[in-house]
There are 2 protein chains.
Amino acid sequence: MRPNKRDELVRNALDVFYRDGFHATGMDKLVAETGISKTSMYKHFRTKEDLILAVLRLRDERFRNWFCRRVEEIAEAPKDRLLAVFDALEEWFKSPEFKGCMFIKAVSEFQNPEDPIHIQSATHKRMLLEFVQGIAAQARVTDPGTLARQLMLLKEGAIVTAVMQGEAKVAADAKAAARILIAAAARC
Amino acid sequence: MRPNKRDELVRNALDVFYRDGFHATGMDKLVAETGISKTSMYKHFRTKEDLILAVLRLRDERFRNWFCRRVEEIAEAPKDRLLAVFDALEEWFKSPEFKGCMFIKAVSEFQNPEDPIHIQSATHKRMLLEFVQGIAAQARVTDPGTLARQLMLLKEGAIVTAVMQGEAKVAADAKAAARILIAAAARC
DNA sequence: CCATTTGTTTACTGATTTGTCAACTTATAA
DNA sequence: TTATAAGTTGACAAATCAGTAAACAAATGG
């Protein structure tokens, strides 16, 4: 099998799942939107769940690549990079493709903690936390773990609020709160 | 129509939707789990969407009643009440019924901002924000609106993180962050 | 007693769900 | 040329989706 067609399927399926949701997207809709026949899909992926897992893997790779690189581009000093997390977040919110966090939505639809989709989504969040925790460790704060977890709470809250109330001021509020938390963590 | 049967249907449907999700729950499953016939359901609610909206109304009423009363029980002084938000949150996370926020899940499944389900979920969050903002206004801080919005970011982030990573330490992290934000808002 | 309301059961649409099947085409490569 | 593999179409399962129709039971209320 050439990897081309398979990857093309995953790329297109990502857009549809991201736009319409997982349960609301049937395989027939994917046939119509991707132009790839159903038989071919089931040759690449045994089940719909397998396809969703591949989609989430691609989303994780794309998003973490973009987000981490962007944070490191925006600022140099570790403490500035902790703030840059929220600048990158704002860019994401304001981009026309923004439709919330795919992993929060996945967990909302597959709530069973033992579901592979749930597990993979939680892993994505854990890896993002580790990225931020790494920066916090370089920033010479007393408790990098706690600070990183708190900043991630602001980030997740900002995502959910941006989806529900619109993006106005959300990223700015989160960034202002982050600045206070970072300053407090550095003062000790 | 007696209100009894209708309310019983909404109460039972709430449990099923909360446990299994909206799209993943068919009307036949509701027939099996509630014992109420499908014809009766469609006499009370024209569509599944109408039933979901009634379920969300009940959830909003129950949750806001419990949450706001609990916050006011736990503490007296406005600043303490702002912190009590996160004590109530922790109680919720640790309760055996906790399965995340029904409104975040609803918005995840009905993403169109013009969808009545989406709108009603956003309204719930806005009313909770107003409750916290009222307390912040009593607390004599410089910018009650900003502080309230920031505390709500922590709250939403804590909910999402509790679902994804388990509740350990999440509420405590959020509360510690809230304490810092409240102190900073009062110092000015 | 009679009419209305409220609820029931059973069966039924017509569309859609995930997933499979056989037959066919096309490209690659030995 | 011939074999292999990838991809195609279109029909097909068996179950489930939201929603409806018809006939009936029982309680309520005038």
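In what follows, every heavy atom counts, from backbone to side chain, and hydrogens, waters and symmetry copies are set aside. In what follows, chains are A, B, ... by sequence order, proteins preceding strands, each numbered from 1.
- Across dT8(D), dT9(C), dG19(D), the shortest atom-to-atom separation from the side chain of T39(B) is found for dT9(C).
- Following rounding to the nearest Å, Y42(A) (OH) and dT17(C) (P) show an atom-to-atom distance of 11 Å.
- A heavy atom closer than 4.0 Å to some atom of DNA chain C occurs in T25(A), G26(A), M27(A), D28(A), these being the qualifying members of residues 11-32 of chain A.
- As rounded to whole Å, 16 Å separates atom C1' of dC17(D) from atom CD of E49(B).
- Here dT20(D) presents its P atom at 14 Å from CE of M41(B), a figure rounded to the nearest Å.
- In terms of phosphate contacts, H44(A) brings a side-chain nitrogen or oxygen within less than 4.0 Å of OP1 or OP2 of dG7(D).
- Using a 30° and 60° split on the angle between ring planes, F22(B) and F110(B) fall in the perpendicular class, above 60°.
- When rounded to the nearest whole Å, the span between NZ of K38(A) and P of dA13(D) equals 14 Å.
- One can place CZ of R6(B) at 11 Å from P of dG7(C), the figure rounded to the nearest angstrom.
- Environment of CZ in R64(A): crowded, with over 12 heavy atoms of neighbouring residues, nucleotides or ligands closer than 6.0 Å.
- When rounded to the nearest whole Å, the span between NZ of K43(B) and C1' of dT9(C) equals 12 Å.
- Proximity note for K48(A) (side chain, C-beta onward) versus dG7(C), dT18(C), dG19(D): the nearest is dT18(C).
- The pair E73(B)-R70(B) meets the salt-bridge criterion, since a charged nitrogen lies less than 4.0 angstrom from a carboxylate oxygen.
- The listed nucleotides are dT18(C), dT8(D), dT8(C); the one nearest the side chain of S37(B) is dT8(C).
- Using a 4.0 Å cut-off between a side-chain N of Lys or Arg and a carboxylate O of Asp or Glu, E90(A) and K94(A) qualify as a salt bridge.
- Across every non-hydrogen atom of M41(A) and I36(A), the tightest pair is CE-O, 3.6 Å.
- Taking the six-membered ring for Trp, F67(A) and W92(A) have ring centres at least 6.0 Å apart.
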